[in-house]
Amino acid sequence: MVAAATAVSRAMQATIESVVTETPTVMMLRLKLEAPNNIGFAPGQWVDFHVPGLQAVGGYSICSTPSQLQQTGTMDLCVKRSGHPCAQWVHAEASTGKQVSVAVGGSFTLQPDSCSKPCLFVAGGIGITALSSMLGSLVEQQQQQQQQQPNAGELHQPRQPFLLYSAAEPSEFALLKQLLHWQQAGAINMQLHTTRTHSLPPVLQEAINHQQQQQLQQQQLQQQQMSEDVVQALLRLGLPHTSVHTERWW
């Protein structure tokens with residue numbers, strides 16, 4: 001990983017090109033940027049997300065690759081349902097043709113030479129978004145190298161990144177179709193894990209839905225604990241601090 005500028009870029013107008021239900025609690029937006037040549041991002045960065053008429057600002061990792069922006073002028077965001085005003089707007093009101101604005105920021109990014117190194121990616125729930133952009137960029141690097149050196153020996157082939165991805169239940173694996181496509185093509189290795197095997201009874205689920213903000217805070221605490229546990233486990237295995245990178249939204 002390499003630290004990019006953390007300053008947030010100037011906000012740019014965008015039009016919602018499509019809205020897709022990615023999981024029961026996650027919506028994917030494809031945004032068409034007004035002037036895509038005047039904005040760029042590194043794999044792993046996020047955007048400040050502004051909705052006209054809302055004072056609150058959302059923060060969502062970009063799950064598409066920079067090459068998609070260059071080729072089509074679009075970027076993709078996945079937004080998990082929560083009590084935040086922007087997330088509520090995405091799940092209740094976002095539709096094709098509506099206007100928003102975005103500004104890029106963040107320093108949790110991918111090194112250009114990561115394709116030559118062993119890389120382990122660990123994601124929980126919606127945390128897959130930033131890693132999806134990184135993995136997609138690594139897959140593109142692999143394809144470019146294979147096209148440039150089709151007869152390269154095994155030792156010179158790009159290394160496959162390894163993804164450990166957990167979600168509460170199978171239906172909550174966001175971006176799974178794309179991840180499985182990369183895995184089946186031999187571009188990545190992946191293991192999926194679920195932390196909850198049974199859905200809650202309807203009465204309990206309804207009670208939780210009436211306390212969305214408390215539920216979000218609890219999820220954030222659990223994710224923070226997961227991040228710390230993974231970091232400590234990797235350090236105990238002997239990895240140096242400089243090789244372990246995390247992103248937190250709290």
Side-chain angles (χ1 to χ4, degrees), residues 18-31 43-47 49 58-65 68 75-84 87 90-91 94 108 110 119-140 142 160-202 204-205 208-209 212 215-216 218-231 233-234 245-250:
S18 64
V19 183
V20 176
T21 300
E22 185 65 27
T23 80
T25 64
V26 175
M27 302 295 288
M28 177 188 282
L29 302 182
R30 175 156 294 178
L31 306 180
Q45 287 192 292
W46 43 260
V47 296
F49 184 83
Y60 307 114
S61 293
I62 304 166
C63 55
S64 53
T65 62
Q68 177 180 312
M75 68 168 57
D76 299 338
L77 307 176
C78 280
V79 180
K80 188 174 180 65
R81 185 171 61 227
S82 74
H84 191 279
V90 168
H91 281 260
F108 181 68
L110 190 70
C119 291
L120 170 66
F121 294 85
V122 183
I126 196 61
I128 191 62
T129 50
L131 302 191
S132 173
S133 181
M134 294 181 183
L135 289 167
S137 296
L138 288 177
V139 171
E140 292 171 356
Q142 290 177 14
Q160 293 176 327
F162 197 101
L163 172 65
L164 293 176
Y165 183 17
S166 70
E169 51 195 34
S171 63
E172 287 300 335
F173 284 113
L175 304 171
L176 185 58
K177 183 178 180 180
Q178 180 63 74
L179 295 171
L180 288 173
H181 173 73
W182 289 335
Q183 183 185 45
Q184 291 164 2
I188 70 170
N189 289 311
M190 178 173 63
Q191 286 186 6
L192 303 176
H193 302 270
T194 54
T195 57
R196 189 175 67 204
T197 56
H198 300 288
S199 299
L200 294 174
L204 292 180
Q205 188 63 58
I208 289 176
N209 290 339
Q212 287 185 342
Q215 183 185 31
L216 177 61
Q218 183 180 13
Q219 289 173 344
Q220 289 174 335
L221 290 173
Q222 291 172 346
Q223 290 167 357
Q224 183 175 13
Q225 185 63 51
M226 173 189 164
S227 297
E228 295 299 337
D229 288 347
V230 170
V231 168
L234 293 173
H245 308 270
T246 60
E247 183 179 47
R248 300 179 177 87
W249 284 92
W250 45 86

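All values below were derived from every heavy atom in this structure, side-chain atoms included, with hydrogens, water molecules and symmetry-related copies excluded. Because the structure is predicted, anything quoted here is derived from the model rather than measured.
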Under a 4.5 Å cut-off applied to non-hydrogen side-chain atoms, are C78 and Y60 in contact? no
Out of curiosity, L175 CG to I126 CD1, how far, rounded to the nearest 0.5 Å? 7.0 Å
Nearest heavy atoms of M27 and V90, plus distance in Å: CB-CG1, 4.0 Å
Side-chain contact test, heavy atoms from C-beta onward, threshold under 4.5 Å: evaluate it for F108 versus L131 and give yes or no. yes
Ignoring hydrogens and geometry, is there a side-chain-to-backbone donor-acceptor pair from T194 to E169 under 3.5 Å? no
Counting only N and O atoms by type, is there a donor-acceptor contact under 3.5 Å from the side chain of H84 to the main-chain atoms of G59? no
Taking the side chain as every heavy atom from C-beta outward, state whether L29 and F49 have any atom pair closer than 4.5 Å. yes
Applying side chain to side chain donor-acceptor pair (under 3.5 Å) to T65 and not counting sequence neighbours gives S67, E140
Please report the interatomic distance CG(L179) to CG(L135), rounded to the nearest 0.5 Å. 7.0 Å
Which donor-acceptor pairs under 3.5 Å do the side chains of residues 180-193 make with protein atoms, sequence neighbours left out?
residue : atom : partner : partner atom : Å
Q183    : NE2  : M190    : O            : 3.1
N189    : ND2  : Q160    : OE1          : 3.1

Can V47 and L31 be said to form a side-chain contact (heavy atoms from CB on, under 4.5 Å), step by step? CA-CA 12 Å; V47 296; L31 306 180; 6.0 Å; no
Checking Y165 side chain against A174 main chain: does a donor-acceptor pair fall under 3.5 Å? yes
What distance separates I62 CD1 from S132 OG, expressed to the nearest 0.5 Å? 11.5 Å
Nearest-0.5 Å distance, CE of residue M134 to CG of residue L163: 12.0 Å
Using modelled atom types and a 3.5 Å cut-off, is there a donor and acceptor pairing between side-chain atoms of S133 and backbone atoms of A130? no
Step-by-step side-chain contact (heavy atoms from CB on, under 4.5 Å) determination, S171 to T23: CA-CA 6 Å; S171 63; T23 80; 5.9 Å; no
Closest heavy-atom contact between S64 and D76? OG-N, 2.9 Å
Nearest heavy-atom approach of F173 to S166 is CE2-C, 3.9 Å
Side-chain donor or acceptor of R81 paired with backbone N/O of P24 under 3.5 Å: yes
Applying salt bridge (charged side-chain N to carboxylate O under 4.0 Å, His left out), can you list everything that pairs with E172, at least two apart in sequence or on another chain? K80
C63 side chain near M28 side chain, heavy-atom distance below 4.5 Å: yes
